[in-house]
Each structure stands twice: as structure tokens, then as C-alpha cells.
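What follows is a short report on a single structure.
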Amino acid sequence: MIDADLLDEFCDNLWLEDGLSRNTLDSYRRDLSKFAAWLDKERGVAMLQATHADLQGYLGHMVAELEANRPPPAARSPA
């Protein structure tokens with residue numbers, strides 16, 4: 001099963017079991033799709049083969065990306 005199929009099945013189950021809103025399901029799908037794409041590109045694995053280390057690597061990547069896009073301190077502080 002490819003990751004897109006897994007995401008569809010996961011979101012369908014969340015909707016059926018928990019009655020989550022469309023916005024919540026869309027957010028889950030978007031976040032998991034980004035994780036799946038990163039896994040494929042950076043680690044060459046599918047979501048079902050992801051390890052704890054893969055998840056930690058992705059979270060580190062996300063923190064680094066946020067920091068890289070953060071304005072410098074002078075731009076953040078009021079004048």
C-alpha cells in the first residue's frame with residue numbers, strides 16, 4: 001500500500017471513529033503527507049518502515065526550517 005492510500009485509510013478511520021471535522025482531517029493529511037515526502041526524500045523509506053529515529057530526524061528538520069525562516073532578533077523586537 002502506498003503512503004497516499006495509507007493516509008486515506010487513516011483519515012477515513014478517524015472520521016468514522018472519532019467524527020473529526022474536515023479541517024482537522026485536512027490538517028492531519030497535510031502534516032502526514034509532508035512527513036511521508038521527507039521520509040522518501042531524506043531517508044528513502046515509506047511511512048510503515050519509519051523508525052523512532054526517522055521521526056526525531058523529521059522533527060529536527062522542522063525546527064531547523066522554522067529557525068531558518070525566523071526574522072533576526074532586531075526585526076522581532078519593538079523599536
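Note that these values count all heavy atoms, side chains included, but never hydrogens, waters or copies made by symmetry.
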Nearest 0.5 Å please: distance from the SG atom of Cys11 over to the CG atom of Leu20. 9.0 Å
In Å and rounded to the nearest 0.5 Å, what is the NZ to NE2 distance from Lys41 to His61? 7.5 Å
Review item, side-chain donor-acceptor pairs of residues 21-29, under 3.5 Å, at least two apart:
unit_1: Ser21; atom_1: OG; unit_2: Thr24; atom_2: N; d: 3.2
unit_1: Ser21; atom_1: OG; unit_2: Thr24; atom_2: OG1; d: 3.0
unit_1: Ser27; atom_1: OG; unit_2: Asn23; atom_2: O; d: 3.1
unit_1: Ser27; atom_1: OG; unit_2: Arg30; atom_2: NH2; d: 3.2
unit_1: Arg29; atom_1: NH1; unit_2: Asp8; atom_2: OD1; d: 2.6

For the residue pair Leu7 and Met47, establish whether any side-chain heavy-atom pair is separated by less than 4.5 Å. yes
Got a donor-acceptor contact below 3.5 angstrom from the Asn13 side chain to the Glu9 backbone? yes
Hey, can you pull the donor-acceptor pairs under 3.5 Å for the side chains in residues 50-58, sequence neighbours left out?
unit_1: Thr51; atom_1: OG1; unit_2: Ala53; atom_2: N; d: 3.3
unit_1: Thr51; atom_1: OG1; unit_2: Asp54; atom_2: N; d: 3.2
unit_1: Thr51; atom_1: OG1; unit_2: Asp54; atom_2: OD2; d: 3.2
unit_1: Asp54; atom_1: OD1; unit_2: Arg43; atom_2: NH1; d: 2.8
unit_1: Asp54; atom_1: OD2; unit_2: Thr51; atom_2: N; d: 2.8

